[in-house]
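In what follows, a single structure is set out as structure tokens and then discussed.
This structure is a prediction, so every number in the text was calculated from the model and none was measured. Hydrogens, waters and symmetry mates are skipped; everything else that's a heavy atom, side chains included, is used.
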Amino acid sequence: MALNTEKNLKLFYSIKEVAEIIGVNESLLRYWEKEFPQLKPKTGANRVRQYTEKDIEQIKVIYNLVKVRGFKISAAKKMIHANRQGVDKSADVLETLISIRDQLQDLKAQFGQIV
């Protein structure tokens, strides 16, 4: 059986790392923890937040609803509660589309250098 080199082996991420991954401030992540009860990172004895991959996926869903789609916090909460699977799927689709857009922009820049 081959080793999966694509899989990230890190179990926990700091709030700083998650903020960089998502592209938001650490204070916004703390605020979202208060507003969205399903977002509960683990905390160690020294009260340092430890986010898992699942936590990061949850944050991406919240980010999609609040920052990308412009929902108010209360509407985002209702959307997550009412249609959890659909919200996850739309966040995945959006992430894929953003990735494709970035790849196309890279190709366009490379093509522009050739011509």
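Minimum heavy-atom separation, E33 to K40: O-NZ, 3.9 Å. Nearest heavy-atom pair, K42 versus F12, reported as atom, atom and distance to 0.1 Å: CD-CE2, 3.6 Å. In terms of heavy atoms, Y63 sits closest to W32 at CA-CH2, 3.7 Å.
Each of L29, I15, D55 was compared with R49 under the side chain to side chain contact (heavy atoms under 4.5 Å, CB included) criterion, and only I15 meets it.
Residue S74 holds its OG atom at 12.0 Å from CE of M79, rounded to the nearest 0.5 Å. In this structure, the separation between CG on L65 and CD1 on I80 is 5.0 Å, given to the nearest 0.5 Å. Note that the CG atom of N64 and the CD1 atom of I22 stand 11.0 Å from one another [nearest 0.5 Å].
Every side-chain contact (heavy atoms from CB on, under 4.5 Å) that I100 has, sequence neighbours left out, goes to T96, L104. Residues passing the side-chain contact (heavy atoms from CB on, under 4.5 Å) test with R101 are I98, Q105, sequence neighbours excluded. Judged as a side-chain contact (heavy atoms from CB on, under 4.5 Å), and not counting sequence neighbours, the contacts of V48 are N46. Residues meeting the side-chain hydrogen bond (donor to acceptor under 3.5 Å, both in side chains) test with Q50, sequence neighbours left out: none. Residues passing the side-chain contact (heavy atoms from CB on, under 4.5 Å) test with S27 are N25, R30, sequence neighbours excluded.
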Exercise. Could you please spell out the steps behind the salt bridge (charged side-chain N to carboxylate O under 4.0 Å, His left out) verdict for E57 and K60?
Key: CA-CA 5 Å; E57 290 304 314; K60 286 179 181 178; 3.6 Å; yes

Exercise. Using the side chain to side chain contact (heavy atoms under 4.5 Å, CB included) rule, take I56 and I21 through it: C-alpha gap first, then chi angles, then the decisive distance, then the call.
Key: CA-CA 9 Å; I56 294 171; I21 291 168; 4.2 Å; yes

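In this structure, a donor-acceptor pair under 3.5 Å is present between the side chains of Y13 and E53.
A donor-acceptor contact shorter than 3.5 Å is absent between the side chain of E20 and the backbone of E17.
Side-chain contact between V24 and I59: absent, with no pair of heavy atoms (C-beta onward) separated by less than 4.5 Å.
Applying the salt bridge (Lys or Arg N to Asp or Glu O under 4.0 Å) test to every pair with at least one member in residues 70-80, sequence neighbours left out, gives these pairs: E35-K77.
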